[in-house]
Amino acid sequence: MMSTATHEHPAFRAASMLIGGRREHRARTLDVCDPFSGQRVGTVPMASVDDVRRAIETADAYRAHLTRFERAQILERAAALVRERIETASDLITRESGLSKKDTRYEIGRVADVFQFAAKEALRDDGQAFSCDLTPHGKARRVFTQHEPLDGVIVAITPFNHPMNQVAHKVAPAIATNNRVVLKPSEKVPLSAYYLAELLYEAGLPEPMLQVVTGDPGEIADELVTHARVQLVTFTGGVAIGKRIAARAGYRRVVLELGGNDPLIVLEDADLDRAAALAVQGSYRNSGQRCTAVKRMLVQRSIAPAFTERVVDLTRRWTYGDPFDENKEMGTVIDERAAALFEARVNEALAQGARLLAGNVRHGANYAPTVIDRVDPAMTVVREETFGPVSPIIAFDTIDDAIRISNGTAYGLSSGLCTDRLDLIRRFVDELQVGSVNVWEVPGYRIELSPFGGIKDSGLGYKEGVQEAMKSFTNLKTFSLPWG
Ligand code: NAD
């Protein structure tokens with residue numbers, strides 16, 4: 001979001017808010033700008049507190065009674081439409097986020113997967129049955145379970161880094177469970193959210209099941225998390241805002257997917273070419289802006305020089321710049337402010353004794369893939385989440401050191417491990433304080449169906465992923481019947 005742009009992009013879009021199927025414009029708007037060119041690519045309306053109330057009340061007044069078949073049909077059609085429109089959709093994300101076409105095409109594939117999995121899950125009745133004649137005082141009865149949609153409204157608040165997939169991960173499980181949602185996407189990338197909502201209506205979603213509002217969070221966020229008819233807030237974003245939401249939400253369910261500071265841990269038996277390839281992909285894909293990006297490389301000291309050399313070599317070949325250039329691996333980061341923060345953190349580390357091996361060059365929101373070594377775990381660049389294409393290399397001596405350094409930040413999202421030693425793999429799986437451990441994969445590896453989420457400051461332990469989100473968006477009811 002910038003208001004300094006003087007010229008408009010040819011594909012300029014003036015989006016309208018979506019409340020109960022009405023498309024509403026407002027005199028007050030927010031500009032959306034392409035981080036690479038600075039061009040204005042669109043505007044979105046700024047909702048007032050009254051608009052937010054109306055969106056929540058509209059959602060609340062509607063009751064969805066779609067059959068499992070109907071829900072699956074809508075989600076399958078949405079998956080098909082997303083796949084058909086991959087270029088249009090990925091162009092839109094690239095324009096408003098600066099992410100490269102390679103990254104945004106990949107994101108669209110993930111969005112289609114989310115809808116596909118949600119369609120399949122909608123068809124699956126996961127009710128359980130318990131016989132009651134199990135003990136001496138048992139009875140001839142059975143207890144059954146069923147998941148029911150919430151009585152109130154789900155508020156979904158999403159971050160900027162995967163403009164469509166973050167929205168899909170909240171909206172698809174809600175549709176699959178017959179819930180009603182008010183979505184507030186990031187004001188940095190709101191056009192993708194409006195696009196996806198329109199696509200879902202086209203796929204047959206009853207419009208009151210999904211409202212989309214945008215605006216200044218300082219003005220509207222409080223109403224979103226405290227309105228009496230909001231029963232669950234699902235939030236993905238930074239730790240500070242997540243904790244503020246948890247404090248404000250009171251007697252409501254809160255699902256928080258917060259920041260990460262994920263290590264890639266490389267042990268001395270590792271194939272270094274394979275480890276270095278994972279390291280750079282994990283560090284630079286999506287411009288390093290993944291909650292599960294590799295934010296620290298922990299490397300056993302004996303192999304650190306050889307590993308570092310490979311990482312530097314691959315980094316120099318990681319092309320970046322114009323996000324629409326098909327030959328570029330990486331586009332920009334979200335805005336100039338973010339790029340300047342990475343540069344400042346790297347400069348601070350250099351002043352404290354780290355060594356620059358590649359990158360740390362900045363033009364506007366373009367920030368070169370950057371490698372630094374001789375990094376100490378106490379330096380800000382690795383103690384805090386550095387949400388960009390920076391590869392800090394930390395050498396360690398013993399397995400105990402690796403585990404201690406890995407667990408030594410406030411975060412606990414995911415991790416990657418490069419070793420073939422089964423005895424050590426078991427130790428890391430048991431002792432890393434994280435939500436996931438991926439052996440010979442980047443920390444971000446997952447499928448859209450499987451449970452995903454962190455502990456410590458990265459989240460309260462309630463998971464996302466289509467299946468877990470469907471559970472958290474429902475109430476589990478039991479009922480019992482005479483049986484026999
Ligand atoms: P952010 O926390 O700045 O913003 C996230 C959302 O919160 C935006 O929609 C914003 O408008 C809204 N918001 C701002 N102030 C608010 C308030 N007071 N109350 C309620 N909502 C408010 O995050 P960001 O910069 O957009 O995203 C990057 C962060 O998200 C990183 O920390 C990243 O690790 C994290 N993230 C986590 C996951 C995960 O699954 N754990 C996934 C992606 C991103």
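Indexing begins at 1, ligand by ligand and atom by atom, following the structure's order. On a predicted model such as this, the values are computed, not experimentally measured, just so you know.
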Under a 4.0 Å heavy-atom cut-off, what residues line ligand 1?
I157, T158, P159, F160, N161, Q166, K184, P185, S186, E187, P217, A221, F235, T236, G237, G238, I241, R244, I245, E257, L258, G259, G260, C291, E385, F387, L413, F452
Ring pair (Phe, Tyr, Trp, His ring centres under 6.0 Å) partners for F235, two or more places apart
none
Please list, chain by chain and in numerical order, all residues satisfying side chain to side chain contact (heavy atoms under 4.5 Å, CB included) with A395, sequence neighbours excluded.
R301, A304
S283 versus S391, side-chain donor and acceptor atoms under 3.5 Å:
yes
Using salt bridge (charged side-chain N to carboxylate O under 4.0 Å, His left out) as the criterion, list what pairs up with R285, not counting sequence neighbours.
none
Indicate whether the side chain of T315 and that of Y284 have a donor and an acceptor atom separated by less than 3.5 Å.
yes
Are R180 and Y62 in a cation-pi contact, defined as NZ or CZ under 6.0 Å from the six-membered ring centre and within 45° of the axis?
no
